[in-house]
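Inspection log for the structure reproduced underneath, given as C-alpha cells.
One-based numbering, in listed order, for ligands and for the atoms of each. Along the sequence shown, the residues carry numbers beginning at 1.
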Amino acid sequence: MTEKFMKESRRHTVVIGNWKMHKTIAEAKSYVSALALFSNHCRVHIGLAVPFTMILTAAEVARGSPISIGAQNVSPFDNGPFTGEISSQMLKDAGASFVILGHSERRRLFLEDDEVINKKLKKVLAEGMRAVVCVGETLSERESGKTEIVLLRQLEGCFQGIKKEQMSDVIIAYEPVWAIGTGVVATIDIVKTVHRLCRQVIARQFGESIAEAIVIQYGGSVNPENAVDLLASQDVDGFLVGTSSLSLESFCEILKNSSA
Ligand code: PGA
C-alpha cells in the first residue's frame, strides 16, 4: 500500500482527492471500487484522503489497485491518554499510507500552527507513511504583499528538524486559501511563481536535488477543465482536489485530463 505512490513518483503527477467530512462507508465502498476499475487506465498516481471511519474499508476495496488511501489529519502524540485523538500508528494499522497535514481548514478552524504541523509530520514520517503538507496564503495576506513571507514561514516551520532523507516521503500542496472551495482558481502565473518559490525554499533547506525531486501539487477549485491548463506548467506536479473529488465522474475526468 505505502509503495503505491510517491516513492517512485518523483515529479510524476500525483492527484489526490480530499473528501473532507463527506460520505458514508457504503458510498466509499462503491466509489473506491469503481475508481479502482478506472484507475488501471490512468497514468497518474492516485490518492484518496477519506474520513477516519472509512480508511479501513476504502483500503480493503483499493487493495490490488493503484489507489493509495490516506487520512486528513493525525494526532501529534503517540498512543496514550489523548481522548478523541487518532495516532499515526492507528492510521497505518487501518490501511492509510499518507496523511494530509496543515490544511487551511485545520489551520483556520482548529487553530493548527506550523509547530503542531511539524510535530504531526514527524510522527507520520516515523511511522513510514507519506505526508502531504499544505501551505498557502489568505486573500488579505496576498493583497498586503505578504505571500512570500507567509509561505517562507510555513515551509520553514513545517519542515523544522526534518532530515534530508525523509523529504522523499513529503509532498507539498500549494493551496491559496482564497481559492479553496470558492470556484476561484489561482492564475497560472500565481501558481508558477509560488511553486518556484517553494522549490527555492526547499533548495535552501535541503539542497537542489531534493528541491528538484519534490512533488508540488496545486489545490483550490481544481476541476476537469482547469486541470489541463494548470498541468501544462512544468512546475505543477498534480492536484489536491476537494469539491470535484466528491463526484466520481468529475474526479475521473480530472484523472483522465491529467493523464493526457
Ligand atoms: P476545493 O478544495 O477543490 O474544493 O477548492 C481543495 C482542498 O481543500 O484541498
Counting each atom of ligand 1 from 1 as listed, which ones have a heavy atom of T243 under 4.0 Å away? 1 (P), 3 (O), 4 (O)
At a 4.0 Å threshold, what atoms of ligand 1 neighbour a non-hydrogen atom of G220? 5 (O)
For atom CD of E208, decide whether the heavy atoms of other residues, nucleotides or ligands shown that lie under 6.0 angstrom number more than 12. no
A quick test of your reading: do over 12 heavy atoms of other residues, nucleotides or ligands sit less than 6.0 Å from CD of E156? yes
Atom indices of ligand 1, in the order listed, that fall short of 4.0 Å to a heavy atom of A179: 5 (O)
Testing the 3.5 Å rule here: is there a donor-acceptor pair between the side chains of H103 and Q72? no
Polar atom proximity, S221 to ligand 1 (N or O, under 3.5 Å): yes
Testing the 3.5 Å rule here: is there a donor-acceptor pair between the side chains of S88 and E127? no
Evaluate H103 for polar contact with ligand 1, using N/O atom pairs at a separation under 3.5 Å. yes
Within the structure, does K20 bring an N/O atom to less than 3.5 angstrom of an N/O atom in ligand 1? yes
Does CD in Q160 sit with more than 12 non-hydrogen atoms of other residues, nucleotides or ligands closer than 6.0 Å? no
Nearest non-hydrogen partners of S244 and I254, listed with the distance: CB-CD1, 3.7 Å
heavy-atom search around atom 9 (O) of ligand 1 in the protein gives E175 OE2, 2.7 Å
So which bit of S245 gets within less than 4.0 Å of ligand 1, heavy atoms only: side chain, backbone, both or neither? neither
For K29, look at atom NZ and say whether over 12 heavy atoms of other residues, nucleotides or ligands are found less than 6.0 Å away. no
Sub-3.5 Å N/O-N/O distance, G242 and ligand 1: yes
Pick out which of L240, V133, N73, V124 makes a side-chain contact (heavy atoms from CB on, under 4.5 Å) with I100. L240
For G181, counting its heavy atoms only, list the atoms of ligand 1 lying under 4.0 Å from any of them. 1 (P), 4 (O), 5 (O)
Does ligand 1 have a heavy atom under 4.0 Å from the side chain of N18, from its backbone, from both, or from neither? side chain
